[in-house]
Amino acid sequence: MPKQLETHFKQLREWLDMESEAERKRMIERRKVRSQKNAEARGDTLVDLVITDHRMGLGGRFLVTFVKRNRTLDLPWNRFRVGSPVIASEELTEGDCGYGIVCSKEFSSIEVAFDEWPEGDRFRLDLSMDEITRNRQLNALKSLQNTKGRVAHLRDILLESREPRFDPLVPLEMEPRFNDSQRQAIEFALSARDIAIIHGPPGTGKTTTVVELIRQAVAKGAKVLACAPSNTGVDNLLEKMVANRMRVVRIGHPARVQEELQAYTLDAIVEKDPAMKVVGEMMREAEKIARKASKFTRAKPLPGERNDMRQESRRLRDDARVYERQIIANVLDRAEVICATTNFDPDILGGRDFDLAVIDEACQSTEPGSWPVVLRADRIVLAGDHCQLPPTILSAEAAAEGFSISLMERLVASYGTTITKQLIVQYRMHEQIMEYSSKCFYDGSLQADETVRTHLLTDLVAPPHPEMLQTPVTFVDTAGAGWEEEQEIDGESRFNAQEGNWILQQVRELCSTGIEPKDVAIIAPYAAQVRWLRQNCPLKAVEIDTVDGFQGREKEAILITLVRSNATGEIGFLGDTRRMNVALTRAKRKLIVIGDSATLSTNEFYASMIGYFESIGAYRTIWEWDPAIEG
């Protein structure tokens with residue numbers, strides 16, 4: 001392998017080591033904090049929990065539901081997601097009592113899958129390090145350095161030492177629901193002999209386009225590996241492929257899969273296979289023989305008899321496992337598409353390679369997270385949006401050096417339109433909600449489909465319609481009101497109680513018009529503001545989360561509190577404008593933003609954003625709501 005390629009992989013390994021060390025240090029610091037308020041402040045820990053319910057899951061796993069010991073309390077804001085690895089510990093003894101996987105989460109409860117029952121009375125849950133995933137990525141990098149043939153050729157293209165190749169475009173038959181840019185993206189991706197990228201800005205139907213691409217490839221006889229960095233992303237793909245009646249198998253821990261999709265997991269399909277009855281009988285017989293060998297009887301056993309029984313038990317178990325592996329292989333061989341996260345267990349796939357590998361939401365993965373998929377592919381398609389949030393990186397040093405740049409973002413920067421097709425018609429937002437992000441991030445290329453171009457909240461409720469329902473965008477300026485941000489005690493996050501109170505007032509007014517609380521969400525860039533809002537919002541169905549928590553999501557009405565208001569014009573990580581791009585593009589019919597223009601306008605992006613709001617008549621001042629405010 002050329003020297004520059006060796007240097008690239010060495011850099012990736014160093015970044016992985018830096019990230020591992022940052023995560024290890026964070027975990028040590030987190031476990032030192034024992035007080036409830038401080039332990040839960042960053043969202044990585046839940047304390048003072050008890051078990052309220054449990055049930056058996058696939059593979060004999062225990063699905064355990066935890067709630068606060070004080071049952072009147074909801075869970076605080078946290079970073080726990082479906083699929084997150086966690087450590088459960090007993091609070092009184094401070095001893096670890098089980099490693100698990102989060103399989104569902106509600107306002108007041110969290111369900112975790114354990115292989116063994118977690119013993120204890122009062123529990124603490126901590127997000128755990130994921131060294132298994134990191135080791136898989138390191139092993140993939142090692143394999144790529146030594147590989148030859150087709151994978152080596154693809155590797156060299158992805159590392160920009162060879163040029164990507166394309167066959168002539170072949171027109172495809174597709175349903176009328178696909179627009180021209182979606183059709184062109186699918187035809188273009190299928191013409192790629194090596195790599196193609198589908199750039200899908202917010203609301204443009206990227207995942208729907210990806211699934212049609214997979215369907216078309218399967219129709220041509222291709223075996224497809226369909227991946228995403230997150231379990232939620234994989235489930236979105238799986239749900240649409242099931243609707244398209246593809247033969248699909250989802251690999252991975254069943255606890256990481258939505259309950260309604262678990263029938264398509266490898267575990268569930270194998271468990272239902274009639275041949276598994278034979279495997280079960282062999283395992284039971286092996287257990288019976290093993291118990292017999294361990295019993296003492298009055299009659300003295302013949303010389304070597306117990307050893308023979310133990311060997312027979314082991315032989316039966318080994319034979320059962322071989323038989324089970326064959327059943328698994330048959331299930332995977334029958335599948336047209338295998339779905340998995342990018343960090344799948346390579347042993348499950350064995351030596352299988354795929355005609356096509358697709359990574360949806362590719363920009364949410366670090367570059368090492370994509371390489372295990374490349375190892376299995378003859379061709380690869382990446383889909384995502386590099387203008388939205390990058391992967392989450394704990395090591396600030398690694399991020400500054402470039403670890404937060406995904407494989408897709410790097411390839412778009414290098415090859416541009418040579419390998420990329422952008423989707424341009426969006427089906428989510430009123431055109432005035434869309435327009436500023438389109439101008440700033442997508443060269444003004446986005447078009448609102450006619451079905452959403454002028455839709456408003458007035459379409460959802462009966463008249464009379466108050467003014468707040470009749471316009472798509474409202475920006476409220478608090479400059480001069482003295483609504484300054486505060487910093488959490490013993491924390492780094494910030495909140496703004498005055499903005500929070502005003503936001504909650506607007507939520508109450510929206511819902512009083514007939515808008516359903518479940519159709520309303522509040523986004524805040526700071527975890528402290530999210531916590532404050534959750535503690536003070538009386539409508540539990542109103543979703544409140546950080547920008548990161550809303551990537552890929554949408555609601556009829558979105559309210560954004562920007563929090564920052566200070567005399568020095570400091571805006572902190574609001575300066576990453578991709579974060580604001582995500583926030584501004586979640587709303588379908590109504591977007592309400594509140595912020596201090598004097599603070600925000602120190603940044604060119606926000607100054608321009610406020611200018612845009614003024615140009616469409618959406619700019620208001622807080623004095624219109626409360627003339628008595630003293631600046």
Side-chain angles (χ1 to χ4, degrees), residues 81-83 158 178 181-182 185-186 188-190 192 195-218 222-244 246 248-252 256-258 261 264 335-344 354-367 369-374 376-377 379-392 406-412 419-423 426-428 548 550-554 582 585:
R81 300 285 183 261
V82 172
L158 297 181
F178 292 98
S181 69
Q182 290 173 324
I186 293 167
F188 177 75
L190 289 174
I195 171 75
I197 289 175
I198 297 176
H199 178 198
T204 54
K206 171 183 55 62
T207 300
T208 299
T209 304
V210 167
V211 170
E212 176 63 12
L213 163 68
I214 293 170
R215 193 189 71 79
Q216 293 280 350
V218 166
K223 286 280 189 177
V224 180
L225 176 62
C227 297
S230 69
N231 288 283
T232 300
V234 179
D235 285 348
N236 289 339
L237 284 171
L238 176 59
E239 187 173 25
K240 287 180 166 60
M241 282 189 278
V242 167
N244 277 271
M246 287 183 251
V248 59
V249 175
R250 166 76 150 95
I251 65 172
R256 290 181 160 107
V257 182
Q258 292 176 23
L261 296 173
Y264 302 95
E336 296 171 330
V337 185
I338 293 178
C339 267
T341 62
T342 50
N343 294 309
F344 56 81
F354 297 84
D355 303 299
L356 174 66
V358 177
I359 303 179
D360 195 15
E361 305 294 359
C363 293
Q364 293 181 32
S365 170
T366 62
E367 182 169 327
S370 295
W371 285 108
V373 181
V374 177
R376 301 281 180 165
R379 296 176 292 143
I380 188 162
V381 173
L382 305 177
D385 183 9
H386 52 284
C387 301
Q388 295 189 57
L389 289 172
T392 301
S406 66
L407 176 63
M408 177 176 156
E409 184 177 358
R410 178 169 64 75
L411 292 174
V412 168
I419 63 170
T420 305
K421 286 291 182 184
Q422 183 190 315
L423 307 180
Q426 66 85 16
Y427 299 87
R428 175 185 298 162
D548 304 59
F550 263 98
Q551 180 146 308
R553 310 279 309 287
E554 61 182 34
V582 173
T585 54

What closest approach, in Å, do [X] and [Y] show between heavy atoms, and which atom pair accounts for it?
X: A217; Y: V224; result: CB-CG2, 4.3 Å
X: A357; Y: V373; result: CB-CG1, 3.6 Å
X: L213; Y: A189; result: CD1-CB, 3.9 Å
X: R379; Y: A192; result: CD-O, 3.0 Å
X: T342; Y: G369; result: CB-O, 3.2 Å

What's the verdict on side chain to side chain contact (heavy atoms under 4.5 Å, CB included) for F178 and T208, showing C-alpha distance, side-chain angles and the deciding distance? CA-CA 9 Å; F178 292 98; T208 299; 3.9 Å; yes

Are there over 12 heavy-atom neighbours, none belonging to F344, within less than 6.0 Å of that residue's CZ? yes

M246/V211 under side chain to side chain contact (heavy atoms under 4.5 Å, CB included): CA gap, chis, key distance, verdict: CA-CA 10 Å; M246 287 183 251; V211 170; 3.8 Å; yes

Please list, chain by chain and in numerical order, all residues satisfying side chain to side chain contact (heavy atoms under 4.5 Å, CB included) with E367, sequence neighbours excluded. H8, L12, L159, W371, L407, R410

Distance (rounded to the nearest 0.5 Å) between [X] [atom1] and [Y] [atom2]:
X: C227; Y: R376; atom1: SG; atom2: CZ; answer: 10.5 Å
X: M408; Y: C363; atom1: CE; atom2: SG; answer: 4.0 Å
X: L382; Y: I195; atom1: CG; atom2: CD1; answer: 4.0 Å

Given the rule in the side chain to side chain contact (heavy atoms under 4.5 Å, CB included) test, do S406 and S365 qualify, once you have shown the distances and angles that lead to the verdict? CA-CA 6 Å; S406 66; S365 170; 5.8 Å; no

Answer yes or no: is there a side-chain heavy-atom contact under 4.5 Å between I419 and L411? yes

Could you tell me if K223 sits above the aromatic ring of F354, with its cationic atom closer than 6.0 Å to the ring centre and no more than 45 degrees from the axis? no

Could you tell me which residues satisfy side chain to side chain donor-acceptor pair (under 3.5 Å) with [X], sequence neighbours excluded, listed by chain and number?
X: S230; value: none
X: T209; value: Q182
X: E409; value: none

List in chain and number order the residues that pass salt bridge (Lys or Arg N to Asp or Glu O under 4.0 Å) with [X], two or more places apart in sequence or in another chain; answer none if no residue qualifies.
X: R428; value: E554
X: R215; value: E212
X: D548; value: R579

Starting from the C-alpha separation in whole Å, work towards a yes-or-no answer on side chain to side chain contact (heavy atoms under 4.5 Å, CB included) for Q364 and Q388. CA-CA 9 Å; Q364 293 181 32; Q388 295 189 57; over 6 Å; no

List for me each residue that meets ring-ring contact (aromatic ring centres under 6.0 Å, His included) alongside F550, sequence neighbours excluded, and say none if there are none. none

Distance-only criterion, 3.5 Å: show the donor-acceptor pairs between side-chain atoms of residues 196-207 and protein atoms not counting sequence neighbours.
residue, atom, partner, partner atom, Å
H199, NE2, D385, OD1, 2.7
T204, OG1, P201, O, 2.6
K206, NZ, D360, OD1, 2.7
K206, NZ, E361, OE2, 3.3
T207, OG1, D360, OD2, 2.9

Give every donor-acceptor pair under 3.5 Å between a side-chain atom in residues 231-243 and any protein atom, sequence neighbours left out.
residue, atom, partner, partner atom, Å
N231, OD1, R250, NH2, 3.1
D235, OD2, Q258, N, 3.1
N236, ND2, T232, O, 3.4

